[in-house]
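Everything below concerns the one structure shown next.
We're numbering straight along the sequence, starting at 1. Because the structure is predicted, anything quoted here is derived from the model rather than measured.
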Amino acid sequence: MKKLIVVLIFAFGFYGGAQTKSELQKHYEAFYNEMKLQGDVSGVINALTHLNVMSPTIERRDTLAYVYANDNQHIQALNTIGIDKNEADSDLALQVKAISLKALNQPKRALEQFELLFKRSPDAYLAYELADLKIQTGDAAGASANIEYGIANATDEMSYAFYERQQPYEVSLKAAFLHLKGLIAYNIDKTNIDASLALIDEALTLAPNFNLASLSKQALESRKEKTEAPQEVPEVKKDKTKAKKQ
């Protein structure tokens, strides 16, 4: 009889625990939905973290990492999802790794993730990211190939955002590609600055507000002026001393 009572107590305890966990999960699911409606990022992260602990899934982990990355918490995003190259990753996981590694100034690691994304679904925006990172890592030939793809596939409606100024701004994606093409042209042949300037001028024609391109143009024009400035020939001073008669 005593054994039966112990078994019943254990069974009811187990059932009660399972019911509590189920109710708690429903609570955090409702809490997550409410935080999303309110746009409360901290609340969304809190809810997803609890849900991922109680019932971990790859989808929840990837979503949590994405929320971190979208809130510029890139270290937390990578701590959640990892940094290794994994072809089995979801598109969302690859996107999070790529964006966060780029933001943390890890161009080589970011490049691996963008390459996987481009392999799965190539588009002009990914081509720009690849070209930009390849310029940073010294792969001019690879960057040029991505730029040519981007110029051929970017539509007039596509734009790209830049943040080097206090106020972010957007320019035509084609203009952004032309700017990169101008930089590569200079890196390949520093003696032909006019070719680089022509490409950057083309970019500025498409996007007159392109501040980064304007800065590049000023830098190139300054270097051109230095190379074209006449070199001063040092004056040869005449020896005023008279030769002594033998």
Side-chain angles (χ1 to χ4, degrees), residues 62 65-66 68-70 72 74-75 77-78 81-165 168-190 195-196 198-204 206-207 210-217 219-220:
D62 291 354
Y66 175 77
Y68 273 128
N70 204 43
N72 294 319
H74 298 291
I75 292 175
L78 294 175
I81 207 169
I83 62 173
D84 294 331
K85 179 182 177 181
N86 184 357
E87 298 207 16
D89 275 342
S90 68
D91 289 351
L92 185 60
L94 291 178
Q95 183 181 348
V96 169
K97 289 181 181 181
I99 292 170
S100 292
L101 287 166
K102 181 183 177 182
L104 295 172
N105 198 27
Q106 296 290 322
K108 289 184 178 179
R109 288 185 176 274
L111 191 54
E112 292 180 338
Q113 309 301 330
F114 277 116
E115 288 280 22
L116 286 177
L117 281 169
F118 190 78
K119 182 180 176 182
R120 291 183 186 182
S121 182
D123 66 39
Y125 287 109
L126 289 173
Y128 182 87
E129 299 295 346
L130 288 169
D132 186 30
L133 290 167
K134 286 177 183 178
I135 289 173
Q136 293 179 44
T137 55
D139 182 6
S144 294
N146 291 128
I147 288 169
E148 295 307 320
Y149 173 92
I151 291 174
N153 289 276
T155 65
D156 294 338
E157 293 74 27
M158 290 180 174
S159 60
Y160 192 87
F162 288 88
Y163 300 89
E164 85 279 357
R165 284 174 23 179
Y169 63 98
E170 291 187 350
V171 303
S172 158
L173 184 57
K174 285 185 178 179
F177 275 117
L178 287 166
H179 174 243
L180 291 185
K181 191 172 182 177
L183 297 180
I184 289 179
Y186 175 74
N187 288 334
I188 291 173
D189 184 2
K190 292 181 171 60
S196 304
L199 288 164
I200 291 175
D201 280 336
E202 194 176 345
L204 288 167
L206 290 175
F210 198 169
N211 181 65
L212 189 59
S214 295
L215 294 174
S216 296
K217 181 178 179 179
L220 288 172

- prompt: By ring-ring contact (aromatic ring centres under 6.0 Å, His included), which residues pair with Y149, not counting sequence neighbours?
  reply: F118

task: Taking atom CD1 of I75 as the centre, report whether more than 12 heavy atoms of other residues, nucleotides or ligands fall under 6.0 Å from it.
output: no

statement: Residue set satisfying side-chain contact (heavy atoms from CB on, under 4.5 Å) with S159, at least two apart, ordered chain then number -> E170

task: Return the set of residues passing salt bridge (charged side-chain N to carboxylate O under 4.0 Å, His left out) with K217 (not counting sequence neighbours), or none when no residue passes.
output: D201

message: Could you work out, with salt bridge (charged side-chain N to carboxylate O under 4.0 Å, His left out) as the rule, every residue matching D123, not counting sequence neighbours?
response: none

message: Around atom OH of Y66, are there more than 12 heavy atoms from other residues, nucleotides or ligands closer than 6.0 Å?
response: no

- prompt: Hey, do the aromatic rings of F162 and Y160 have their centres closer than 6.0 Å?
  reply: yes

query: Does the distance from a Lys or Arg side-chain N to an Asp or Glu carboxylate O, for K102 and D132, drop under 4.0 Å?
result: yes

query: Between K97 (side chain) and D84 (backbone), is there a donor-acceptor pair under 3.5 Å?
result: yes

task: Not counting sequence neighbours, which residues clear side-chain contact (heavy atoms from CB on, under 4.5 Å) with A213? List them please.
output: H179, I200, L204, F210

query: Taking C-beta and beyond as the side chain, do L111 and K108 meet within less than 4.5 Å on heavy atoms?
result: no

Flag, side chain of Y169 to backbone of N211, donor-acceptor distance under 3.5 Å: yes

- request: For E202, enumerate each residue passing the side-chain contact (heavy atoms from CB on, under 4.5 Å) test, keeping only those at least two apart in sequence or located in another chain.
  value: L178, L199

- prompt: Between CD1 of I99 and CG of L117, what distance do you get to the nearest 0.5 Å?
  reply: 8.5 Å

